[in-house]
Amino acid sequence: MTKLPMSPLAAATNLIKSYCDSGRLSDARRVFDELPERDVVAWTAMICGYASNARPEDAWGTFRAMATAGVDANAFTLSSILTACRVMEFAEFTASVHAIAVRRGIIGQMHVDNALVDAYSAFPCGIDDAFKVFDGISQRSPVSWTTIIAAYVRHGNGGAAVQMCSQMLKEGVELNPFTLSITVRASAAVESLIFGRQIHAATVKIGHGSNLHVSNAITDMYSRCMSFPEARQYFSEMPQKDLITWNTMIAGLDRAGSLDSCRLLLNMFSQSVQPNFFTFTTIISSCAKLSKLSFGQQIHCVVVHRGFGENQQIANALVDMYAKCGSIADSQKVFNKMCYRDLVSWSSMIIGYGVHGYGKEAVELFNEMVSYGIQPDSILFMGVINACSHAGMVEEGLKFFNLMESIYGVQPDKEVYGCMIDLLGRSGRLGEASELIEKMPFEPDESLWGALLGACKMHGNAKLGRLAAQKILNLKPKGAKTYVILSNIYAAASEWASFAEIRKLMRGVGGKKEVGMSWIEVREEVYSFVASDQSNPCVSLASEVLAMLICHMDREVFGS
DNA sequence: ATAGGGTTAG
């Protein structure tokens with residue numbers, strides 16, 4: 001076979017591509033600009049270079065310049081520009097490329113369709129458009145499936161992701177490392193240990209068990225399903241580990257509320273694995289949860305020493321950590337030093353003020369944030385309302401609640417209603433609190449009734465408390481939070497519910513599906529009750545709850 | 001000569 005000599009244009013295009021692959025975009029551009037003529041392949045190489053190096057604006061500029069130069073886009077060009085659309089997260093750009101594809105008859109080509117699905121799904125409301133395109137693909141490849149499942153996972157719709165997985169499996173789609181790892185991720189999203197274990201077994205059987213992407217996903221799956229002993233076991237048996245493996249396991253131990261997250265970090269250092277900002281944000285959040293101020297301070301030093309001092313997410317985590325560890329002055333220091341503050345930065349500081357009882361400061365900071373034109377979200381409203389609640393500023397809190405929808409266009413969710421019930425309940429306005437529960441647009445769940453119950457306990461309102469306790473028991477609550485609620489019932493008044501009934505319920509508590517509360521928080525809350533009021537005759541019963549809780553945690557959470 | 005997918009935090 002004789003090899004044809006490469007044309008000068010083809011050689012130059014090769015050079016452009018290899019410069020782009022190593023991130024040397026200005027070198028690529030120089031070669032591109034010096035070309036006497038440019039065909040669609042050369043243009044596409046340049047567009048793709050920008051798109052895959054996180055420069056979507058330049059990709060678009062080049063795409064437009066190509067049209068101006070009278071060169072028609074082909075399927076390769078459209079796939080490349082769709083990568084840029086995905087980064088820009090603008091649905092309009094994706095839709096316009098979609099229109100071009102339809103007009104030029106390029107739609108229906110595998111790469112273009114898959115890239116369209118991906119680009120649409122990058123937009124917060126784009127999942128339906130993404131599915132429409134996916135649905136229209138006649139010959140779906142493994143890439144199509146991976147893309148749509150990943151999209152559902154990203155949008156927090158684990159149920160749909162798992163549904164797509166089972167359809168994919170039914171259709172006999174090739175199980176490669178990509179389809180396997182996204183399936184593992186989907187099972188983690190719905191916290192289905194059974195499905196997760198099945199896929200784990202399948203990866204081993206097929207022979208992809210040693211793929212790092214897949215293995216990392218499996219470690220993560222066990223930890224998201226709260227099966228921590230399995231996660232640790234699997235982690236320790238992984239023959240190869242990369243930074244993501246370590247980060248995943250540290251995050252898993254953080255989720256378990258175990259101090260071992262910090263131990264594992266030290267272990268990682270001793271193996272000379274270099275941490276990145278993921279590692280630091282995770283470990284800082286661990287210190288926050290566990291109130292490990294001195295370890296947190298040491299991590300802060302390491303962060304600065306390693307040149308991560310300017311990192312946005314790390315600084316946000318530090319603000320939160322210092323606040324949770326009771327050192328609000330240090331939170332302020334970090335916050336003030338930040339050169340740019342995003343919504344999370346402001347929220348962390350405001351929430352920090354709130355839990356320390358600095359209601360006025362929280363409100364002032366909220367107003368300052370708004371004056372900078374930053375849009376508050378429902379988490380932030382929770383923070384300010386909580387701050388008002390802890391500082392006894394009931395009217396102020398009510399004002400925020402009334403303004404959040406009308407002025408800021410933020411719909412109050414269940415959590416915000418919970419804060420409101422707490423706000424009204426704490427100040428003794430129990431009638432208004434129960435009225436709010438009645439007229440809110442959701443079915444009240446156990447945590448909302450629990451908030452009312454807590455207030456009844458505080459103000460000795462047995463009549464309303466009995467009602468709240470009854471409502472909770474009727475809901476047959478599950479999960480770790482239940483322990484807190486049940487100990488609250490014990491605490492509030494033993495005659496409100498029959499012990500036999502409560503014990504029966506306790507046995508049914510799964511403890512694996514808790515939302516928004518770590519084991520350590522649960523344990524602390526129960527501890528604090530037992531320690532708080534020794535004269536209460538219910539304490540011995542609450543001790544029983546505590547004993548069961550600790551036993552449960554040792555077995556299920558810490559694997560001992 | 002140019003194109004599409006998977007893993008870590010909040």
Side-chain angles (χ1 to χ4, degrees), chain A residues 4 6-18 20 38-49 51-52 66 73-84 86 106 109-119 121 137 140-151 153-154 173 176-186 188 208 211-221 223-224 242-252 254-255 261 275-286 288 312-314 316-317 319-320 342-345 347-348 379 516:
Chain A
L4 286 170
M6 200 184 271
S7 78
L9 181 57
T13 307
N14 262 338
L15 191 58
I16 290 171
K17 164 131 173 70
S18 74
C20 289
R38 302 170 190 95
D39 62 1
V40 62
V41 183
W43 280 102
T44 301
M46 198 63 236
I47 292 166
C48 178
S52 48
M66 175 179 141
N74 64 14
F76 289 74
T77 323
L78 294 190
S79 317
S80 301
I81 196 64
L82 283 167
T83 302
R86 190 185 58 194
I106 303 177
Q109 296 205 29
M110 193 56 81
H111 282 82
V112 177
D113 289 356
N114 291 337
L116 264 175
V117 174
D118 208 25
S121 75
I137 303 176
R140 292 170 195 143
S141 73
V143 180
S144 320
W145 286 99
T146 310
T147 308
I148 193 72
I149 295 166
V153 171
R154 258 201 312 277
V173 175
N176 62 26
F178 288 90
T179 48
L180 283 169
S181 53
I182 197 62
T183 307
V184 172
R185 182 65 185 82
H208 289 304
N211 180 287
L212 249 186
H213 278 283
V214 177
S215 313
N216 289 340
I218 291 172
T219 308
D220 183 52
M221 180 273 293
S223 122
R224 280 183 198 265
D242 65 0
L243 179 57
I244 293 178
T245 318
W246 287 93
N247 286 349
T248 304
M249 196 62 234
I250 292 172
D254 170 56
R255 188 174 288 127
S261 58
N276 64 359
F277 78 97
F278 263 107
T279 324
F280 286 122
T281 50
T282 309
I283 207 71
I284 292 167
S285 112
S286 245
Q312 180 78 34
Q313 279 107 319
I314 293 180
N316 291 347
V319 171
D320 179 61
D342 61 13
L343 179 61
V344 179
S345 326
S347 306
S348 306
I379 296 173

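For the numbers below, each heavy atom of this structure counts, side chains included, while hydrogens, waters and symmetry mates do not. We name chains A, B, ... by the order of the sequence lines, and we start the count at 1 in each one.
As judged by a 4.0 angstrom heavy-atom cut-off over every strand, A:Ser141 is placed among the base-contacting residues. Within the nucleic acid shown, A:Asn276 has no heavy atom closer than 4.0 Å to any nucleic acid atom. Among the protein residues, A:Asn211 comes within range of the nucleic acid bases, having at least one heavy atom under 4.0 Å from a base atom. Here A:Ala251 lies in heavy-atom contact (under 4.0 Å) with sugar-phosphate atoms only. If you check every strand for non-hydrogen atoms under 4.0 Å, A:Ile182 touches sugar and phosphate atoms only. Residue A:Met110 is in base contact, counting any heavy-atom pair closer than 4.0 Å across all strands shown. Among the atoms of the strands shown, base atoms are found under 4.0 Å from some heavy atom of A:Val214. Looking at heavy-atom distances under 4.0 Å, A:Arg140 makes no contact with the nucleic acid at all. As judged by a 4.0 angstrom heavy-atom cut-off over every strand, A:Asp113 is placed among residues making no nucleic acid contact.
If you walk DNA chain B from 5' to 3' and mark each nucleotide with an atom closer than 4.0 Å to a heavy atom of chain A, the marks span B:dA1 to B:dG10.
Atom CD1 of A:Ile218 sits about 11.5 Å away from atom OG1 of A:Thr245, to the nearest 0.5 Å.
One side chain, A:Thr77 or A:Thr44, offers a donor N or O that lies under 3.5 Å from an acceptor on the other.
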- Applying side-chain hydrogen bond (donor to acceptor under 3.5 Å, both in side chains), run through A:Asn316 and A:Ser345 and close with a yes or a no. CA-CA 5 Å; A:Asn316 291 347; A:Ser345 326; 2.7 Å; yes
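By the side-chain hydrogen bond (donor to acceptor under 3.5 Å, both in side chains) test, A:Arg38 is found to be paired with no residue, residues two or more places apart in sequence or in another chain being considered. Listed by chain and residue number, A:Asn247, A:Asn276 satisfy the side chain to side chain contact (heavy atoms under 4.5 Å, CB included) test with A:Phe278 (two or more places apart in sequence, or in another chain).
Surrounding CD1 of A:Ile379 are at most 12 heavy atoms belonging to other residues, nucleotides or ligands under 6.0 Å away.
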